[in-house]
Enquirer: 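Here it is, the structure in full.
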2 protein chains.
Amino acid sequence: MGRTPPHPEASQFDLQRILEALVDPVRRSIITQLDASDEDIKCGAFDIQVSKSTATHHFKVLREAGLIRQHYVGTSRMNTLRRAEVDEVFPGLLDALTTHRAKER
Amino acid sequence: MGRTPPHPEASQFDLQRILEALVDPVRRSIITQLDASDEDIKCGAFDIQVSKSTATHHFKVLREAGLIRQHYVGTSRMNTLRRAEVDEVFPGLLDALTTHRAKER
DNA sequence: ATCGAAGTTTGACAGCGATCGTACTTATGC
DNA sequence: GCATAAGTACGATCGCTGTCAAACTTCGAT
């Protein structure tokens, strides 16, 4: 294992894929938590109520859609929001979801 | 039949509902076609490759999410995009989907 | 009054995806 | 080396949703 998993380039971002990733509340919560943090967050440190195997699945979906970047630090996998790249391809999309009004709804 | 179906008010818009509506390609196509048109479009006039009953289902999902408004004109049901209202509650969301770059992806 | 056009409703079906437990892998620390 | 911690991989379920056909409703036109 251990190696860096595959990430799509920004030029390959697909709207359908990204929306499918964002429609799940757990995944959207992950995005929101990343957006609110100044630092990378390791998989186990998120506030989500699902099992580890389910969490792995969600991170994979987010990564393959291009929304997050993952790299290993020891046995932990760190997650970064690919804000700038997503914003460039789909301007306004993440803002619409991370706005206060959006989070309350 | 004939009467105007129920529509949620803008104050009741729910992000989860709206994303679930927008994640389907057929429904997103309906939104895109409405956005590109200056006038209301009747259900039968959309360029979508699904049966009538499936189309009815999609319009219902869009309407109940608050994305479109529907009213009868004769036997036809006219559809309007609730642009301003959606923009006010979730600014940038529809723009992100109706942009040229988004449509090409 | 009849017919056709436009949608709706209902029921059925198929496929996908979120979920979990279990077993496995990899790295760190003692 | 061994135990533990952090994730991953693999099946198996199970519910949801997109799809359609068929029967029905409503309105408009003839």
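Chain A is the first sequence line, chain B the second, and so forth, proteins listed ahead of strands; every chain is numbered from 1.
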Enquirer: Does A:Arg28 reach the main-chain N or O of A:Leu22 with its side chain, forming a donor-acceptor pair under 3.5 Å?
Expert: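 Yes, A:Arg28 side chain to A:Leu22 backbone: donor-acceptor pair under 3.5 Å.
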
Enquirer: Are B:Ile68 and B:Leu34 packed together at the side-chain level, in the sense that at least one heavy-atom pair is separated by less than 4.5 angstrom?
Expert: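 They are in side-chain contact.
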
Enquirer: Measuring from B:His57:NE2 to B:Ser51:OG, what's the distance to the nearest 0.5 Å?
Expert: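 Answer for the NE2-OG pair, B:His57 versus B:Ser51, is 10.5 Å.
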
Enquirer: If I take atom CG in residue A:Asn79 and atom P in nucleotide D:dA6, what distance separates them, rounded to the nearest angstrom?
Expert: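 Interatomic distance, CG of A:Asn79 to P of D:dA6: 14 Å.
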
Enquirer: Just the rounded figure in Å: distance from P of D:dA5 to OH of A:Tyr72.
Expert: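 To the nearest whole Å, that distance equals 18 Å.
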
Enquirer: Check this one for me: any side-chain N or O of A:Thr56 less than 4.0 Å away from OP1 or OP2 of D:dA9?
Expert: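 Answer is no, no contact under 4.0 Å.
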
Enquirer: When you measure from the side chain of B:Thr56 to the backbone N and O of B:Lys52, does any donor-acceptor pair fall under 3.5 Å?
Expert: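 Such a contact is found between B:Thr56 side chain and B:Lys52 backbone.
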
Enquirer: Tell me what B:Lys60 touches on the nucleic acid: a base, only sugar-phosphate, or nothing, going by heavy atoms under 4.0 Å.
Expert: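 Nothing: the residue B:Lys60, judged by heavy atoms under 4.0 Å, touches no strand.
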
Enquirer: When you measure from the side chain of B:Gln16 to the backbone N and O of A:Val23, does any donor-acceptor pair fall under 3.5 Å?
Expert: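 Checked: pair present.
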
Enquirer: Would you check if B:Leu62 and B:Ile30 make a side-chain contact, meaning some heavy-atom pair closer than 4.5 Å?
Expert: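 Yes. Closest side-chain heavy atoms under 4.5 Å.
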
Enquirer: Map A:Gly74 and B:Met78 onto DNA chain C by nearest heavy atom, then report which one ends up closer to the 5' terminus.
Expert: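 Whichever sits nearer the 5' end wins; that is B:Met78.
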
Enquirer: Could you say whether B:Thr75 or A:Val73 is positioned toward the 5' end of DNA chain C, judged by the nucleotide with the nearest heavy atom to each?
Expert: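 Comparing both residues, the 5'-ward one is B:Thr75.
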
Enquirer: Checking side chain to side chain donor-acceptor pair (under 3.5 Å) between B:Asn79 and each of B:Arg63, B:Gln33, B:Gln70, B:His71, which is the one that passes?
Expert: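 Only one option passes, and that is B:Gln70.
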
Enquirer: Quick one, B:Val73 with B:Lys42, criterion side-chain contact (heavy atoms from CB on, under 4.5 Å). Give me CA distance, side-chain angles, the key distance, then yes/no.
Expert: CA-CA 9 Å; B:Val73 174; B:Lys42 56 182 227 176; over 6 Å; no

Enquirer: Do B:Arg82 and B:Phe13 come close enough that some side-chain heavy atom pair is under 4.5 Å?
Expert: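 B:Arg82 vs B:Phe13: side chains touch.
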
Enquirer: Output a table of nitrogen or oxygen pairs between the protein and nucleotides 17-21 of chain C separated by less than 3.5 Å.
Expert:
from, atom 1, to, atom 2, distance (Å)
C:dA18, OP1, A:Arg27, NH2, 3.0
C:dA18, OP2, A:Arg27, NH1, 3.2
C:dA18, OP2, A:His57, NE2, 2.9
C:dT19, OP2, A:His58, NE2, 2.3
C:dC20, OP2, A:Ser51, N, 2.8
C:dC20, OP2, A:Ser51, OG, 3.2
C:dC20, OP2, A:Thr54, OG1, 3.1
C:dG21, N7, A:Ser53, OG, 3.3
C:dG21, O6, A:Ser53, OG, 2.8

Enquirer: Please report, rounded to the nearest Å, how far the P atom of C:dA5 is from the NZ atom of B:Lys42.
Expert: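 That distance rounds to 11 Å.
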
Enquirer: Can you list the stems that DNA chain D is part of, where a stem is at least 3 pairs in a row, each Watson-Crick or G-U, with both distances below 3.5 Å?
Expert: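 Ordered by first number, the stems with DNA chain D (at least 3 consecutive pairs each) read C:1-30 with D:1-30.
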
Enquirer: Just how far, in rounded Å, is P of C:dT9 from CZ of B:Phe59?
Expert: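 Taking atom P of C:dT9 as the reference, CZ of B:Phe59 is at 14 Å.
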
